[in-house]
Each structure stands twice: as structure tokens, then as C-alpha cells.
Amino acid sequence: MAAPETPQPTTLRYAFGNALSFFVLLLIGVLAFSIRLFSVIKYESVIHEFDPYFNYRVTQYLIKSGVYDFWNWFDDRTWYPLGRVIGGTVYPGLTLTAGTLWRIFNSLNIPLSVETVCVFTAPIFSAFASWATYLLTKEVKGAGAGLTAAALLAMVPSYISRSVAGSYDNEAVAIFALIFTFYLYIKTLNTGSLFYATLNAIAYFYMVCSWGGYTFIINLIPMHVLLCIVTGRYSSRLYIAYAPLVVLGTLLAALVPVVGFNAVMTSEHFASFLVFIIIHVVALVYYIKGILTPQMFKVAVTLVISVGLIVCAAVLAVLIALVASSPTKGWSGRSLSLLDPTYASKYIPIIASVSEHQPPTWPSYFMDINVLAFLVPAGIIACFLPLSDASSFAVLYIVTSVYFSGVMVRLMLVLAPAACIMSGIALSEAFDVFTRSVKFQLFGATQDPQVNAGDTSNVTQNDVVKAEKSEDSLKERSSRKSKKKEKENVQTASVVSRIEKRLLVLPLEASLIAIFLLVLLGAFYVVHCVWAAAEAYSAPSIVLTSRSHDGLHVFDDFREAYAWLRHNTDVDDKVASWWDYGYQTTAMANRTVIVDNNTWNNTHIATVGTAMSSPEKAAWEIFNSLDVKYVLVVFGGLVGYPSDDINKFLWMVRIGGGVFPHIKEPDYLRDGQYRIDSQATPTMLNCLMYKLSYYRFVETDGRGFDRVRHTEIGKKYFKLTHFEEVFTTHHWMVRIYKLKSPRNRIRGKTKKSKSKATSTSSSKRSGARKKNPWH
Amino acid sequence: MKRIPFDLSLLFVFVFCMFFSTVCSDLVISKLDRRIDLTTQSVRTTVSLKVENNGDAVSEILLPFPEHQARNLAFLSAKISEGKDKTKGSSGSLPIEVANPKGVPPSLTWYSVSLPKELSKGGSLTLEVKAVFTHVLRPFPEKISQADAQLVAFQDSAHYLSPYTVKVQSLTIKLPEPRVESYTKLENTKFSGTELKYGPYENLPPFSYTPIVVHYVSNKPFAVAQELVREIEISHWGNVQITENYNLVHAGAEITGEFSRLDYQSRPHVRGASAFRNLVAKLPPRAHSIYYRDEIGNISTSNVWSDSAKTLLEIEPRYPMFGGWRTSFTIGYGLPLKDFLFRSEGKRFLNISFGCPMSDVVIENLIVKVVLPEGSKEISVSVPFSVKQSQETKFSHLDMVGRPVIVLEKKNVVPEHNQYFQVYYKFSNLSLLREPLMLIFGFFLFFVACIVYMHADFTISKSSPSYLAKLQWDEVQTAIQQFQNIMNRCLVAHDKLEASLRELSRTGDVQACKAARKAADSLLKELAKELKPLLSFLQSSPQAVQIMTKVEELVSKERELQEKLMLKHSTVVDSYEKKSGGRDIENRVAAVQQKITQLRQEVDDLLEVIDEI
């Protein structure tokens, strides 16, 4: 089919543009991958933080036992004695992805350990995510904007913070899935192809598998559909883009065990069904409008509206009654805290206690998206010139994600791709205008040979040439491949603007300076991103380092403690610690824990919190009733590690007190102040957490100076009666205590204390020990 | 002394043995010197015996060991050392095998040393027997607290257990520290410094046995690797990669009660004397890419020094190793291939040391795996001592058939086993290129597949309406592209005309201008001809309906533009021929010019519109 008559230079130019943008994309992928390797180079190839350790452990199980055992996995090493059904409570996308990767490598006889695959999953998927951003932005505003947005996303600090090598968390693959789902939605919207609609549903399924944030998709897309309908942009393409997604997507989502019937029963999904009904009504209206004469149509409208309103009102009333009958209005706690930012702090201390669930501060915006924050408004304006279906979606995406990121720091991650897309559009448009001016001034008006077209313009032009070329390639109408011929909505809409643009020519000097400034801005962004990747977000948090005059000092205390537990305790011993360390203890020490980062059972966590805030004897009884053998506390007072258990202690009191009212927060505060020095309350000084943290601490320097709280501790010399120290790490950051076995003296009561763990015996002793929350 | 349990059954055995002493009574040991080294956890005894033969010629000498020693015997070697004749001196060790002489009780294990030549009547020789025992030191008490020193008990006989009569003998026991809790006092017992001496004793009958017990302080590391897997992987690209997986335990007295980091840090040598902090591995020189890690990541407490003779790797477990504490870790390093791989008689052989590179680590179960490159043939192994040998296959790095792996297993390994062993195999250098070629071929196929995919049409149903429509649409697009092309060339011709007019106004050369006009005329006509079939095709094609209006409009506009331009051109040329003034010409052309500009604008717009489709 190739037309021999087509002039060679243009084809060549298009081919060159295509190849160039391909290589630019490849380089962007390499950039996205390699900027995330700072953690491996500066530290080591190791899993980071807390949740990734759980994911890593699940992946190990998946690879060891196969996918069917994985679905049925009941984990008895955590939440003792309750256990946890992992297969039904975990988003399996990440683990299945890494497991598949590992299987592929192994079938090729490339021996990679599970850990290596897990560590590098996040960087690989961030490369994918930047390619998906390219595709999405290309659909919205053309390939030039696409390339810019992809380059921006490859190194946006907010995303780097969640996807450095080793950060093996759901978000790592979920952001890719999110962007790719949006891309396929826009693609379907632009082409009206059922093929892409099906792909879209599958991408949505992958997103549901990967992250709870899929509710963002299933609310944002209906919002956009509604927007399109309201603004009179309904078309068959919109219908094809939306209806299959809801039907197929919901069916597929219900296949994921952790979602299950939630896909049709919770309020988060309600909007999608409502819009699904609306779009059908609208489709019907359009159809009837097509077959009826205008007069008949008017009659029909009045008829249908009057009947329809009544029916709708009835249905709505039933729905509202149904929803209102449930206490949380059918919304999960985290979703509610999104809609009402004050909800969590009022009702759910567990959600509020996590630092990443707090609202962000302004500096964190600058830290996480840097100059993009200033480019976004320009991008929004560019999206309105002209407003197409796709660009209206982009605008809606940025607006909603800005709101959500304002509620929770963690959702800054959702904002980052939107900000990148917007800034990509803005930058690309700006370059477009300026380079066009330069080109026009230099070559358009031939009689004005430019003397000052020196190096700067050449260099800057080179930067933009890439973008321009690939933009040209979009306009290509080559006859070689039928696939590329999908009609570009954007282009038809922008015809008018293009003609207008011819008049928008800026003076040469102004545009040269502007280009220079834009490049400077970009350079600043790159420098900031590399700094953030290298310094701020690469620390694995299980290894700490400090730089002093005599070189690098490594604090590897966490792994020291976990390795000790792993090798020197019995395999079935139970370890109690605050829930932050649960995942790490099960993964690294391979010991059973009482509570972990999953936080699904508030009462259980409150029990541990109560034990930690009780005096020694009561705590011993609680722990003994839970069959705990070792208690692990994290203590930063010796080396000045601020996120230790003493600093988290108020949350333990709060969460414990929320369930067991005999723990009262004011007992631990002196005049509303939390302190551990001599002014501290006796309750505070006698609670288990204080004692375990500061046991024999005073003997280190003679006065017990806490380097985190910058005070001398209140109670210096005390003995432990029910616990004994069995291990303390090199920098005292982790201290492990063993519960002493009960003394012979209380032999008369042994019958009672023997079977404490079982709740059946609780009635026997309920009178005797009121403080034990189990009874 | 009563506190230490003693193997009473042994005594009966020896009493019993007295009656068997006739078996080998021809040999007499004229002088015996025994040294026992207790400075480490493994007990090293060196016995030098001067043997005299009074009877028939013998070719072997028997060495009995009581059962509790034989069970833990890790290493045994004997060699002839002749003080005067140094030529033979300490050459090779003599072959030793387990013997079962008739009529001896089973509770003794007998080893027989075969002499290189028979010892004739009246002849004598000096034999050096070296034996290493593991796990014969018993910590007593078995549990100590953090502050206690570790005490161990050692039991043996003051007299050398031998089936032969021993004329003169003495025993020296070397202790790690001068601190001794107690020791069995016999006649001629001397204790000085770190040495304990028994003897000399004279003229003792065969099977003399006098039990002694030494209870002393030993804070040396009792590092026992319950299992060590050494994997030696040969890559003919120039590297020998060694990976060692340790499963280590402190086999001394177990710690009981609290472990206080405070005490340990403030006075590590008092409150933690029995613990060991670090181990030193002596690696071959030029070792590189050394790592030290365990299942949860890198262990940062390690140090490397290297010189031309060795590489020293000091590793520190994550926590100080107290009695009974365990740990596991992996060390790995690469070695240059040329230091360890040699060729002989058409075969290659690997020559590398067998045991663990750490001094003072006793290995209960050592597994050495030698991974040969894929495609190795005719594999044979030579090890200087007996090992259990098997073979398996390992798949790694794009292997197709797998690499042959030689597995050597040995129990109770001590540093004395750190001898070189050889693995012989045949390997062709061409096999080296297999994997790179495979990769190249794979990528080649991938690119070919891409090219095929880009050029072939994979539509399943060639007759479906949508496919046909697509085909038609493609044709229409081609046609429109050609159409645009022609239009652009028309416009170029127009530009040329305009240019010729400008040239005219500058030079006044009417002839050149006319020639330009002629050329443009013919070009435009040609283009119009070319345009016809395209237009007719577009008209006939149903897909092009919506564009057709624009196309037709464009064609008519262009024609109009062309006419006007011609008109302008002829007017201007005419006026030049008539030599009328510039202002006059301008006046005459003005109306036409306005029309032309307007038309040109419209044509450009239409072109853009068509371009956008």
C-alpha cells in the first residue's frame, strides 16, 4: 500500500521523529530506573521500611507454595492467637507481579533471588509508569507534551519516595496501573474502539489487584463522564469508554478476594453505578431524538421527565435509606477521612497515628513536586485551549487529586502524575510558542538575517527539536500501517487555534530569554529531584547512618535484634511489640507477633497498648495471657533516634484507653504535657514502656540523659521484677526482654494462671484481676 | 574430681585388654613423647614413637584409640621422621586405614599404619602421629552467666594407650591460660605456667591406662559450623566464585540468665569473656568482590586487609556470640581463574583448598560443591582424604543442559583438612561462546519478529466490512496526500511567478520573465492533468464524501487564484513592455492583487483543514 509518490524527505523526517521519540522514551525509562538506585548504591540491595517486608514475605510464600496455597494462606505467625487470612485480606497485585517476574527469570535460568526481584520491582514499574504517562499525555495534548510529562514523572520526588529500589510496596505498581488505566480510558474515548475499552477493564482489574486506591479511578471516571454529559459532550465514544468499564470492571474487581462483594456493596462504588444509569438514559434520549421529529421529541421529553422524576425519586429514597441505615454510611474509615479530614482524628486514633495520614504542609508540596506546583496552573490553562474530552479529564484529575493530597500526605502520590502531566503540557506549549517565534523570526522573515542567533538559540532549539519532531510524527498520515490511523480528536478541535497561533509571535529576544529561563527551571527541577532521590528518600530505615568526622557510622541495630531473635529463640515463641515492628519481626525474625502493621483489629492493638502503659505486674499478666515470651521495645535515647517507642507512647495510651477505659491519657500527662523527666507523673514512671526503655539506662552516663527528649529521665534506679533483659543491641536501639516464669510462691493459684490464654477460663478469675483487659 | 562424670566402662575394657597383650608383643616402643595441645577447641595430640622390632619383620604398626576419642577423631596422620636421615624426613604421610585385629574388644578402634618398607628384626624407626579430636572438651559447668569464665574438662590417660610395651614415655599438656580449676595429680606431675607435665614413666606394659582429668579455663572461641556449604563455581571467563554458607554456633558453655549490653560494653573482657566477637578468614591472595551477608541483608561489621600472600577478611557476627547462641551467614568472594586452573595432558584441573578458610572453626558437616562450566566432560576428582562424593546438575545463567556439579561431603572437618584437592575435566573453549551467541540470536529473532509484525497484515477476517472500509480509507488518505502534494506544487509555481515579477521590477528583463511564465504555465498544466485521475477517484470513493466538498472548493479556489495570477502577470508584463511607470502598474494591478491575497489566504486555510483530517 505504500505510496511511491510520497516525497521521500517528509517520510524520512517522520521516521526519524518516531525513532527519536522512541529513543527518548527509552532513555526516560533508563532514567526512571536508575535514579531509583541510589538506595542500592548508598546502602545495599535490601527491602525498606515496614510494609514492604510483609509484601516480601508474602511473595516468598507465593513462590514457595504456589498461587493456590497463596489464596488459602492462613497466617498463624501474626495476630496471635487470632491469625490472619492473608489470601483474602491482601491486595495481590504486587506479589503476583513480582512472583511472575521471578518465574520468568527462573524459567530462563537466570538465577535471581526473590529478594532481588522484589527490590527492583518498583524501579522497573516506575519506568513503565513514565511510559504510560507519555501515552496518556500524548492522547491529551500530543507527543511533545507526552515526552515532557514522561521525563518529569520519571524523576518526580513524590513518586521516587515510594518507588526507590527496595521500596516494595503496593504503590510501586499501582501508580503505573492508575496512569495506564487512565490512558486506556482516554484512548477509548478518543477512538471509540471496543478493543481499548476491554483493555481498559483489564487494566482496571490490575489496579484493583494492586491497591486500595482503585476507588479513585472508579470515582474519577464517572465524574468525568458526568461532566461530559452535562457539558453536552455525550457521544457514542463516551458510552463505549464507560459502559464496558463499569460492567467488566466490576465483575473483574469482584474476583479479587479482598474486594469481593465490596465492589457492589460499598458506597465508594456507588457513583459509578449511578452514572451508569444516567449514561443509559442519556443514550436513550439521544437515540429517541434521532428517530423522532422535533415536535414529537418535545412531547416525549415532557412525558418521560415527569414519569422519570417520580421513579428516580423513589429509587433514590430507597437507596438513601439503605445507605443511611449503616453507621458509617457504607464508607470505610479511610475513605471517610478523605471526605471529612477531621474524621480520623475524632474517631479512629489508629488511622490518625500514622504520620503519612496527616495533612501535608506547604514545604512538603515543594519538596515533593517542586517547580511542578507552579507549572500546574499554566497546564490547566493550556488544557482549556481548546477544551477536548481528554483535556477536560486531565483537568478533573488534577483538581480532585489536589484535594486528596491536601487531606493526606500519602495521597501526594496520586497528585504527582497529574502534576507531571499538567506541567508537561505547560512546558511543551511554552516551548512550542517560543521556538515557533524564534523560528519565525529567524527563517520566516528572510530579509532579517539574525546576527545574534548565537549558541544559545541553537542549543535551546535542540532541546525542543525532539519534542517538535515527534509532534510532527503525530500528524503523519503515512499509509503504511492502518493502526496509526485512529482519528485524533484533539487535532480537529485545534484547527482554529492553529490558525490563530500564526499571529501569536513573540519578539525574538523575549522568546530566547524565556526559553533560557525555562531550561533553567527544568535544570533546577532535575537538580532537586536528584538531590531528593539521593539524600532524602533513599534511606531504607532499617539501617541508619550518620556521618561524623571519622567517617560513616552505621546503625544496624534493628537487624541485629531480628537476627538474634531468629537464631536464638524458639521457633514458636511469641514476641510482643508495638504494631509498627510486627511486619519486620515476622519477616526478618520469623517469630510470631501479637499485632502488626495491618491494624485490622483495634481491640488487639489496644490490648498491647494497654500492656505497655500498665505497671509491670499487670502488663506481665496481659502478656502472659497472650502467651508472649519476649517483649521488644525500640529505644532511641542513647543515640538520639527520634522515632522510638517512648515518642509513640501517647498513641499506645490513646488507643489502649479507647478500648480499656482504666487507661486514662491525663494520667500520663503532667499539666497537659508529655514528659519523662522528674516532673513526670507516677503512672508514667511506673508503666512498662518506661521501665523497659530505661532499664539500667542511668548506668551508661551516670545521670540518665535522654538524647531524644533532651532531659534527664525521671526515675533512674529501678529493678524489673517480672521481666528480664535478654538482649540489647549495640546502640541500645532495640531491647528485648523475656517474661520471667511465675514464681513458685503462688503455687496455690497455678490452676488459674495455667490456662489463661483460653477465654473459657476467664470467668473463673474475672473477679480477681480487673485490670487485665482480657477478663 | 567426682563432679566430672567419667567413663567407667573404659576401665573394664583395659583390664580386659591386659589379657590380649600377646598379639603384637614383638614390637617395643623404646621412647614415646606425647604432646596434647588444648589451646583451641579442637584437641591436637602429637605423638612421636620410637619403635623397635624384636621379632619378625612387620609392615604395619597398630594405633588403638578408645571409643570416646575415636568417635571424635577428625584427623589422623602418621609420618616417619628420622632424625639423622633428613632426606626421607617429613616427606609424605603414611597410609592409614581402619584395622580389625582378631581378638580385641570392640570398644577400641584400631588404625594401622602401613610402613613404606618392612621393619626387619632389630630395626627401629621414629613415627610421628598427629591426631586431632573435636568435641572432646566438655564445658563444665554447662551453663554459665555472662560474667563467668568458661571452664572445660578434658580427660585422657596419663599413659599412652598402646598394644606394645612402652619403655619410656612422657606427656605434656599445653593449656590456653595458666588458670586451672583442678587436674589429676599422679606421681611425676608437674604444673608450670601453661604447661602440665606427666612423666616420665618407664616400662609400662601394653594397654596401660591411667585416667586423668584437667579442668581449666578456656575462653577461646568454640565456633562450630554445624553445616558449611562451599560452592566453587568456575567461569572460564576468568573467575572462580566461591560462596560459603555458614551455620554457626558457639558450642561452649551456654549462657543463662540476663544478657546485659551495659556490662558487656563497659567491661567486655570480664563480662563476656566467653563470648567471641569476630572470626578471621584467610582467603587466597587477589580475592576480590568480597561480600558478607545473611538472609536479611548485608552485615556491615567486616574488614579486609590484603597483601601479596593472602587476603584477610575479618567478620563480626551481628551480635557477640555467647555460649549456645547461633547465627548463620554467607561470605562470598571471587578469585582469578589463572591462579587455580591449570592444564595437564589435554585436561584441565582445578587445584583449590578443601576446608574452610577460617582458623579455629570446627565444621561438623562440610559440603563442597564444585560447579564446572556447562559442557564439561570426563570429570574426575582427587582428594587427599576420604570423602563422600556425588554428582548433581545446576542450572544457572541461561543454561540449556545444566552444569555438572561435584558434591564432596565430609564430617568433622578441622583446619588440618585445608589441603588442596583437584578436579579434572575436559572443556572446549568453543562452548564458552554458546551463551553470547544464543543471546545474539535471540535478539536477532526478536527484531526480525518485530519487522515482520510491522510489515505484515494480521487481520483475521479479510472480508469484514470494517476491514474493507479501513482499506478504502487508507486509499483515500493516500489520494488526499497526493492531492495535497500537487496543490503544494501549484502554490510553489505561483510563488515562482510572483518571484519572477519581483525580478522584473528589479532588472526590467521582460524576456526572462516571459520564460518563467512559460515554464510555470506548462508545469501547472501538467499538474492539472495529474490532478484529474485523483479527483475522479476521490469522487467515486464513498469514504471521501465528507472531504470532497473541501477538496472541490480548494480546486476551484486554486483555479481562480491561478487565473488571477496569470492576469496579474500578463498585466504587469504588458505594462513593462509599454514602459509605463511603477505607480501606474501598481494601480492597475491593485484590484487583482487584493483578490489574489484573499484567495491565497483561503487556499492556505483549506489546505490546513484537509491536512487535519
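Atom OG1 of residue A:T729 and atom CZ of residue B:R318 lie 12.0 Å apart, to the nearest 0.5 angstrom. Here CH2 of A:W564 is found 9.0 Å from CZ of B:F259. Values are rounded to the nearest 0.5 Å. Rounded to the nearest 0.5 angstrom, B:D399 CG and A:L108 CG are separated by 12.0 Å. Distance check, rounded to the nearest 0.5 Å: CH2 of A:W732 to CD of B:Q265 gives 7.0 Å. Between the CG atom of A:L720 and the CD atom of B:E258 there is a distance of 7.5 Å, given to the nearest 0.5 Å. Between the CD1 atom in B:I296 and the CD1 atom in A:I47 there is a gap of 12.0 Å [rounded to 0.5 Å].
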- Message: For A:F727 and B:R261: C-alpha separation, side-chain torsions, deciding distance, then whether side chain to side chain contact (heavy atoms under 4.5 Å, CB included) applies.
- Response: CA-CA 7 Å; A:F727 191 72; B:R261 175 68 71 167; 3.7 Å; yes
- Query: Please walk me through it: do B:Y319 and A:N568 pass side chain to side chain contact (heavy atoms under 4.5 Å, CB included)?
  - Reply: CA-CA 11 Å; B:Y319 37 87; A:N568 298 311; 3.4 Å; yes
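Your options are A:E724, A:E699, A:E560, A:M588, and the one with the most heavy-atom pairs under 4.5 Å with chain B is A:E560. The residue among B:Y264, B:W325, B:F395 with the most heavy atom pairs within less than 4.5 Å of chain A is B:W325.
For the pair A:R696 and B:D263, the salt-bridge criterion is met [side-chain N within less than 4.0 Å of a carboxylate O]. Ion pairing of B:R293 with A:E44 is absent here, as no side-chain N (NZ or NE/NH1/NH2) approaches a carboxylate O to less than 4.0 Å.
Within a 6.0 Å radius of NZ in B:K143, other residues, nucleotides and ligands contribute 12 heavy atoms or fewer. In this structure, B:Y291 places its OH atom where more than 12 heavy-atom neighbours from other residues, nucleotides or ligands lie under 6.0 Å away. Within a 6.0 Å radius of CE in B:M438, more than 12 heavy atoms belonging to other residues, nucleotides or ligands are found.
The side chain to side chain contact (heavy atoms under 4.5 Å, CB included) search around B:L439 returns B:L398, B:F443, not counting sequence neighbours. Listed by chain and number, the residues in a ring pair (Phe, Tyr, Trp, His ring centres under 6.0 Å) with A:Y737 amount to none (sequence neighbours excluded).
The contact between B:S328 and chain A is made by backbone and side chain atoms together, counting heavy-atom distances below 4.5 Å. Heavy-atom distances place the side chain of A:Y695, and not its backbone, under 4.5 Å from chain B. Only the side chain of A:R566 comes within less than 4.5 Å of a heavy atom of chain B; its backbone N, CA, C and O stay farther away.
Residue A:R559 comes nearest to B:G297 through the heavy atom pair NH1-CA, 3.2 Å, listed as atom of the first residue, atom of the second, then distance. Between A:D556 and B:S300, the shortest heavy-atom contact is OD2-OG, 4.1 Å.
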